[in-house]
Amino acid sequence: MILQTPILALLLAAALSNAVALWTAWFGLRVLRGWDIASGSRAQLRLERRTGLASTLFGFVMLIQIAALLLFVFNADRMATLFVGAMCAVGTLNVNAYGFPALYLKIAVFFAASLWLILDRVDRQGRDYPLTRLKFSGALLIAPLVLTGAGTELAFFLGLKTDVITSCCSKMFTPANDGIAAEMTGTAPATALWFLGLAGVAVAATGTVSLAAARLQWLFALAGGVFFAAALTAIVSVISLYVYDHPNHHCPFCLLQREYGYVGYALYVPLFAGTALAMGAGLLSLFAGTGSLATVLPGALRRLVWASLICHGLFGAVVLSVIATSRLVLFG
Amino acid sequence: MISLRSVTKLYNEGRPNELRALSDVSLEIGRDAVTVFKGPSGSGKTTLLSIVGCMARPTSGRVLVDGRMVSGLPETFLTEERRSTFGFVFQRFNLIRGLTVAENVALPAAPLGPDPRALAARIETRLEALDLADKADTPVEHLSGGEMQRAAIARALINDAPVLIADEPTANLDTDLTHRFLDIVADLRAEGRSVILSSHDPRIWQSDLVDRVVGMADGRLAEVAA
Amino acid sequence: MSGRAPLPRATRRLRLVLALFGAGLAALALEAAHARLSRPAAELRMAASAELVRAAGLTDLALFTEARHSRNPALADLHTAFQDAPMSFGHFPSGSFAPRPAAGFGKGTLGFDADEVRR
Amino acid sequence: MTPGLRRQRALAEYTLAAMARRRGKNIGLVAVYAAVVFFVASAMLFSAALRREAAIVLSEAPELVVQNLLMGRHELMPGAAVETLAGIRGVAGAQGRLWGYFYDRVNGANYTLMVPFDPALIPPAGAAIFGEAIPRTRDHPWLGAPLFLSRHPGDLVRFNAAGQLTAAQGLVSSDLILIGEADFRAFFGLPPEVYTDIAVTIRNPREIDTIVQKAEALLPDARFVTRDEILRTYQKIFSWREGILVALAGASILAFAIFAAEKASGLSADEAREIGILKAIGWDMRDVIAMKLWEGGLVSVGAFLAGTVAAYLHVFAFGAALFAPVLKGWSVIYPDFPLAPEIDGIEMTALFFLTVLPYLAATLVPIWRIASADPDQVMR
């Protein structure tokens, strides 16, 4: 274990998240058993007020988780100097078997918590809180995710041994390997760009349709999911090459370093936010018929789709500017 | 129009000290009127006022405001209904000490996100109408009883609530100030607001201003006089 | 501003406090700018030190000179008294910065647990 | 301004008006919290600056240092080993290093006597180049005064001043006395053809591991320290120390969080009544929570800003005056070095996490408890 301030901060964040997740799950069980919005009883009133607390706490944890995801990656990147053979976050995450699972779980928590918050926000605008049971069933599912994430992160930090020789990103993101990272790396740059472009068109088209028709947002969410996969593939396969001005450097983490102007953050933040918003829109569209939400939902959906489209647009702009300013010529 | 249908309110439900504050009260209160609930202390006046004013939810029964059911609403929405319809003047005024009159009057507007200059202008007008303009920047603990009540009335009306609810408004006032209060009620009525009072003060329910007196005893309506 | 109502006291107070926060942020930004601006001079100075390190063949910082075992923490000179004792951590304050090799005798190098000691 | 923002402003205004009534108490609260942040931030800035300094300065250290071990203890290195090491493929050069310690009974300081590699730095016989702190601690009457060292009673060795290293280089050299090889061997009574250890230069850094393996076979008793290990050692020393300090400060942050929770939950009857009034006149639970979060945010972010700004001044403008004694310990010679100022985004984020989060987290639940009071309770 390396006693470092960012690690201490991350562990603190994880501990707080765990406490909140556990409490919310326990409270979720009580909601599932005792929720009856029509009742004017004292118990129901208390339950309602507690859902307010749960929303506040979960929102708090959500903000922490977003910041913690950034801090986790940033810190992994910084600690690379401590490990033999590591050059960026990949090396740090590869020091033991828990590094990458911890990252993936953190990302999963990010998406789950975003969806939960979107659900929560809409639910509280419906005069009979129509989604409350669903919301707290969701909390029951998210809690294990948060706990596992925190446990994996702890295992990762405890297992950081500086004398382990770890593998650098050049060994992981190379077409010569097996596995999904290698598959993504091995995708031909032109294919990846076409795929990304098509996914972008699909996002724009389904977004426009769902804005115009005020329905079919689930299609938009689907397009957003495809776009996410396409974007990650394209980043590994081709965009990174443009950033590094190097035809063989595929690492998606070195993008986050100062040498490259922190361009990784400009890519990942809008991409993740845009995907989460699109998925949120898709999720909400399932409740379009629910009585008390009928007045609230269309506006909320429109705002979500717009926000998501703006995020996707930002991502596209960053990609284009990276390609335009690069000295690397891949095509023609 | 506020309708109560078989409203019952229990406190400390299911505990040994359970208290039945209201039993099976049905009542309609019209707009553009001054209504007084009269009755001895402990008769349920205050509880009834808090249910009429959407401050508390009934244990059973229904409450409708202008035809909208509010009794099943979650607290947040009930608060929204209350904010847009009712202004409260409490028996002990409940001004917040340490703040000035103007700051106290501004409080109910805060959750609505007011424009500060427009709000300041509104407060000034309201305080002028109540002869409190020169006290705007005085901390409330330096006010006399009558001034405190007028500050509380200004606060109750700052969101332009159509209904003013006052609990025992004259309990702490001498005769002069009681008349002063009734003048204000007359003004409010002239502005087209309705006023709902609870009082065991005959000076109030014998006043010409009052359109309707509702008697209460032991949590039930006792007699209804016009 | 003439003709408009003056701002309420509470608004003025909030502006004052937010201005204070702004000043704090500005001070932080100023410090960051100072750090940025003093970088060339600092780099020059560090380059001079690095040159001395190269020219003299040094391996360690001269921060902990009170005890011989702490002078060259990277080379952990095992000659000195105290350092192999269980309590050596506390003999010299800088021992808490540069603890004795955890492995004790032998092919010890600096580390905080046995696993970290390679050679 | 949207209504949402205006609402936040109005809530913040109320919070400030309420806090202004207990101005002294609240300023005191921020001040104490700022002091805690100041301590943590100073430790972080200080050790981050040292880490950077060590990384840059020591990047010019020899790629590999080879020490001889005897009975597990550092032994003199026979000169023949230099040839052995220089003969390994990939080694650009090997040079015996001569350095040793001298305890000065006059002032209780430890000096490091050393023969520099670079011929340009080697002073003439009988002369020495002094590190910046040596004339300072020996109270030399004038610049360039000779240094007299006494190895035992009745002994006196004179070194003329051949030059002085600058204070800018003090971090690596304040206790150094650079002398020629003949003077060094004479001073310590060291036989010829032995060295303290051997520095090996390697051209291709990728080959270091291979070369160490080969050298281990040739010199089975030796210990090999690579430059990477030296650098990592320093990164770890300062990170670890920073972590210890932060963990210690964590106790005070925790204490502060408990205090804040206590303050938030044990609100005086007056404050609880105020919340009740706010709810009665039309504030929702969420309005009360948002208002109280403003209070917590103003306190904790204010403390964060004040503490961090002050810590930067402390570390970089006043030379970490509060930490220097801890670092100095009993050492007579302490380098008088300026630190390269640096504000690091990740450290600031971590600091923000560590200081603002516990405060907000500790107060959220108590705040909710109060905010969920019955609105009609002030009527009863």
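What's counted below: heavy atoms across the whole structure, side chains too, no hydrogens, waters or symmetry copies. Remember, it's a predicted structure, so these values are computed and weren't measured experimentally. All chains are named by letter (A, B, ...) in the order of the sequence lines, taking the proteins before the strands, and each is independently numbered beginning at 1.
Here D:Met285 contributes atom CE and A:Thr56 contributes atom OG1; the two are 6.0 Å apart, rounded to the nearest 0.5 Å. In this structure, OG1 on D:Thr349 lies 6.0 Å from CG on A:Leu71, to the nearest 0.5 angstrom. Considering CZ of D:Phe353 and CG of A:Leu11, their distance stands at 11.5 Å, rounded to 0.5 Å.
For a residue to count as touching a neighbouring chain, one of its non-hydrogen atoms must lie under 4.5 Å from one of that chain's; by this rule A:Leu53 touches chain D with backbone and side chain alike. Of the two parts of A:Phe60, only the side chain, counted from C-beta on, holds a non-hydrogen atom closer than 4.5 Å to a non-hydrogen atom of chain D. Looking at A:Ala67, both its backbone and its side chain come within 4.5 Å of chain D, counting heavy atoms on both sides. Interface remark: D:Ala373 contributes backbone atoms only to the contact with chain A (heavy atom separation under 4.5 Å). Both the backbone and the side chain of A:Ile64 come within less than 4.5 Å of a heavy atom in chain D. Proximity to chain A (any heavy atom under 4.5 Å) is restricted, for D:Asp344, to the side chain, taken from C-beta onward. Using a 4.5 Å cut-off between heavy atoms, D:Ile346 touches chain A through backbone and side chain atoms alike. Residue D:Leu231 does not touch chain A at all, counting heavy-atom pairs closer than 4.5 Å.
At most 12 non-hydrogen atoms from other residues, nucleotides or ligands lie less than 6.0 angstrom from CZ of A:Arg121. Heavy-atom contacts from other residues, nucleotides or ligands closer than 6.0 Å to OH of A:Tyr98 number 12 or fewer. For D:Arg369, the CZ atom counts as loosely surrounded, since its 6.0 Å shell holds 12 or fewer non-hydrogen atoms of other residues, nucleotides or ligands.
Taking every heavy atom of both residues into account, A:Ala9 and D:Ala350 meet most closely at CB-O, 3.7 Å.
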Could you walk me through whether A:Thr5 and D:Leu351 pass the side chain to side chain contact (heavy atoms under 4.5 Å, CB included) check? CA-CA 8 Å; A:Thr5 315; D:Leu351 181 64; over 6 Å; no
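Heavy-atom pairs under 4.5 Å with chain A were tallied for D:Gly345, D:Ala361, D:Ala43; the largest tally goes to D:Ala361. With chain D as the partner, the residue from A:Glu48, A:Arg50, A:Arg49, A:Arg78 showing the most heavy-atom pairs under 4.5 Å is A:Arg49.
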